[in-house]
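Keep in mind that this is a model prediction, so the values were computed, not measured. Below, read A as the first sequence line, B as the second, and so on, with proteins coming before strands; counting in each chain starts at 1. Keep in mind that the numbers below use all heavy atoms, side chains included, and drop hydrogens, waters and symmetry copies.
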Amino acid sequence: MRWSRTLLNTLRDNPQDAEINSHKLLIRAGLARKLAGGLYTFMPLGLRTLHKISAIVRDEMNKAEAQEILMPALQPSELWERSGRLETMGPGMFKLKDRAERLMALGPTHEEVVTELLSNEINSYRQLPCTVYQIQTKFRDEIRPRFGLMRAKEFIMKDAYSFDASMDDADKSYKAMYNAYVRIFNRCGLDARPVEADTGDIGGQWSHEFMVLADSGEDGIVDCAACGYAANQEKAERIIPEKEAQLCPAIEEIETPGIKTIDQLVSFLKCKSSAFIKTLIYLADDQPVVIIIPGNRALNEHKLKRVLQAKKLEMADDATILSVTGATAGFAGPVGLSVKIFADNSLKNATNLITGANKADSHIKNVDIERDTDVTAYEDLVIVTAGDCCPRCRERMQIKRGIEVGHVFKLGTKYTEAFEAKYLNDKGESLEMVMGCYGIGVTRTLQAVIEQSNDKDGIIWPISVAPFAITILNLDPSDDQVNNVVDGLEKELTDHNLDVFIDDRNERPGVKFKDADLIGCPLRVVVGARGLKNNSIEIKQRSSKKNTQVPVEEAAKSIIQLAEEMFQRCNS
RNA sequence: CGGAGCGUAGCGCAGCCUGGUAGCGCGCUGCGUUCGGGACGCAGAGGCCGAGGGUUCGAAUCCCUCCGCUCCGACCA
């Protein structure tokens, strides 16, 4: 392929709406263009990389004996009513009506469609296990699309679904997908690690996310260097060191005019934030509940939702706060309340605390949780932070940032029950199939590769997913001898199944060097009149500073050998 | 959904405060000189200044409404 005939414009300046490196490079290198927030066009080079990633995904899926299918993106909403997710996922779905006024949805994911499908197709245990997958455009009405392809309204996802006869078999299918994911990300040149994760709206028994470590990542990862425990911050647990009960003087009221937040209290009373009880009022399925956690901690709503087994969870409005506590927001406390109170584990036996008096402009001190409050249950409710103790080995843990590129779930029978997806076993009994589901954000993976592999000059593609393995810079496109050598090289390399991009533009050499670095093909070959005078061609790897000069007649051989070595490294 | 910022040529920006009919750099077209790490000169093309309304003799500039984009938050009792 020749640059002069390619729809490819590189940009010198960073686009003003891009924040993170990979997003800037995606646009500057001409891989993609924005149509609107969260909507992108893939340009020729970007699409080539997308195809290469898809090919790796397909290859590993097929090796794991998953079968490729393609389901409709447009789906009838009744399916979503049957699984109960029209309510839980509703706001995040694009909904529309057909001309008969039937409510439809653009698929954000396909558990419903696939379960409906397989419930009809699978009748016997002889057909199990069965795993299907597709690579398809998904639509999600994201609250806030962000960072280019990282969080888009329309994106390409590989989604796979496994169906098994038993929980044990389902574990095997899960493990097979898990292993395939490890290989896929490895082959894409990504350093991705699996972490324990929350199952969220998808539901199910357990799940792992595959995280690419990056400072710009949207997810927090809790990591224990001592034992290898790793989990999404949404899910991560911690161990609380045991506390002895201490004597505590009687409650005293203190005046705190207009002092509402923990921060204000800290400076007003000159105490540490951990000396306070943070009292939060939530509506769980429209019923008020009170949550208390230490003043220096943040509530983990995912954990709370799980503990309360609530479908819907939202913070209470001012009117509810007034009716529950008898005071306006800012002065709520757990003492004397008649609704259910859920306390974080770390408050067990806690004493000498300060909290709201449920009365305007007042707080109370010397609160003893056991003595003064009526806690319904102690649960693990807060977001784990750096320095908390590992639930496995009790060592201190760290927090890192990551980009979620893949997610595997063991679903159990959540969907097969809703859709009565049953099979007959060898005794003639009718049983629900056990499901798993497995997603890879293909477009997000593309940008994650850029995020993890770049320098100040541009992208450094791993050869397995580079738009082209090799770029040849023709420094003198008006020189017939140079053109002949370039053409010869192109033919030999393409004959060896290597893709080659030739910069044949009428530009000065400096421009070509800069653009080659920006686009980041792993191997750069320079052919110029000056080099040819010495019968020499220059070969350089994007990832290194070193140039190699080779005689013209050996060039193709050297390039092929280098490329093969690079491919091997990606596959190992 | 709440908060903040931005919207002027394909891209990056100035002009707005203090109203007088639009400018810079990159890119693009032509000619010439250059030619191994984003060259230079000359000559050009390209803009309903996000949209609508208002104030005014006159609006990119002041006022109102809307739309779009980006960031922060979804943490607060």
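Nucleic acid contact class of A:G333 (heavy atoms, under 4.0 Å, all strands): none. No engagement by A:G356 is indicated, since no non-hydrogen atom pair under 4.0 Å with the nucleic acid exists. Nucleic acid contact for A:I27: none, since no nucleic acid atom lies under 4.0 Å from a heavy atom of the residue. Across all strands, A:N14 comes closer than 4.0 Å only to sugar-phosphate atoms, never to a base (heavy-atom distances). Note on A:K512: nothing from the nucleic acid sits closer than 4.0 angstrom, heavy atoms only. Within 4.0 Å of A:L299, counting heavy atoms only, lies at least one base atom of the nucleic acid. Within 4.0 Å (heavy atoms only), A:R146 reaches sugar-phosphate atoms of the nucleic acid but no base atom.
A donor-acceptor pair shorter than 3.5 Å can be found between the side chains of A:R297 and A:T385. Between the side chains of A:E154 and A:T137, not a single donor N or O lies within less than 3.5 Å of an accepting N or O.
Two residues, A:A298 and A:K153, neighbour RNA chain B, and the one matched to the more 5' nucleotide by heavy-atom proximity is A:K153. Both A:L265 and A:R524 sit near RNA chain B, but only A:R524 has its closest nucleotide nearer the 5' end.
Side-chain atoms of A:R28 come within donor-acceptor range of the base of B:G38, with a qualifying N/O pair under 3.5 Å. For B:G37, its base sits under 3.5 Å from the side chain of A:D517 at one donor and acceptor pair at least. On a pure distance criterion of 3.5 Å, no polar donor-acceptor pair joins the side chain of A:K34 and the base of B:C69.
For A:Q16, the listed nucleotide lying nearest its side chain is B:G12; candidates were B:C35, B:G38, B:G12. Considering only the side chain of A:E19, B:C71 comes nearest among B:A74, B:C11, B:C71. Side-chain proximity of A:F147 to B:G38, B:C71, B:C11: nearest is B:C71. Of the candidates B:A39, B:C69, B:A74, the closest approach to any side-chain atom of A:D17 belongs to B:C69. Picking from B:C1, B:C75, B:C11 the nucleotide with the shortest atom distance to the side chain of A:I143 gives B:C1.
Across all strands shown, B:A4 forms a Watson-Crick or G-U wobble pair with B:U70, both key distances being under 3.5 Å. In a base pair of the Watson-Crick type (N1 to N3 plus N6-O4 or O6-N4) or a G-U wobble (N1-O2 and O6-N3), with each distance short of 3.5 Å, B:C40 is matched with B:G32.
The gap from the P atom of B:C75 to that of B:G12 amounts to 34 Å, rounded to the nearest Å. The same atom, P, is picked in B:U65 and in B:A4; the two are 14 Å apart, to the nearest Å. For B:G15 and B:C72, the C1' atoms lie 29 Å apart once the distance is rounded to whole Å. Spacing between B:C67 and B:A60 at atom P, rounded to whole Å, works out to 23 Å. Comparing B:G23 with B:G46, their P atoms are spaced 13 Å from each other, to the whole Å. Atom C1' of B:G25 sits at a distance of 35 Å from the matching atom of B:C64, rounded to the whole Å. Nucleotides B:U34 and B:C48 place their P atoms 40 Å apart, quoted to the nearest Å. B:C31 and B:G68 have their C1' atoms separated by 42 Å, given to the nearest Å.
A:K512 places a side-chain N or O within donor-acceptor distance of the main-chain N or O of A:N474, the cut-off being under 3.5 Å.
Proximity of A:K34 to A:D17: side-chain heavy atoms (C-beta onward) are separated by under 4.5 Å at one or more points. Counting heavy atoms from C-beta on, the side chains of A:I519 and A:T471 never come closer than 4.5 Å.
Summarising the geometry, the separation between CZ on A:R505 and P on B:A39 is reported as 12 Å, rounded to the nearest angstrom. Atom-to-atom, NZ of A:K24 to C1' of B:C71 comes out at 13 Å; the value is rounded to the nearest Å.
Classified by interplanar angle (parallel below 30°, tilted 30° to 60°, perpendicular above 60°), the ring pair A:F468/A:F501 is parallel.
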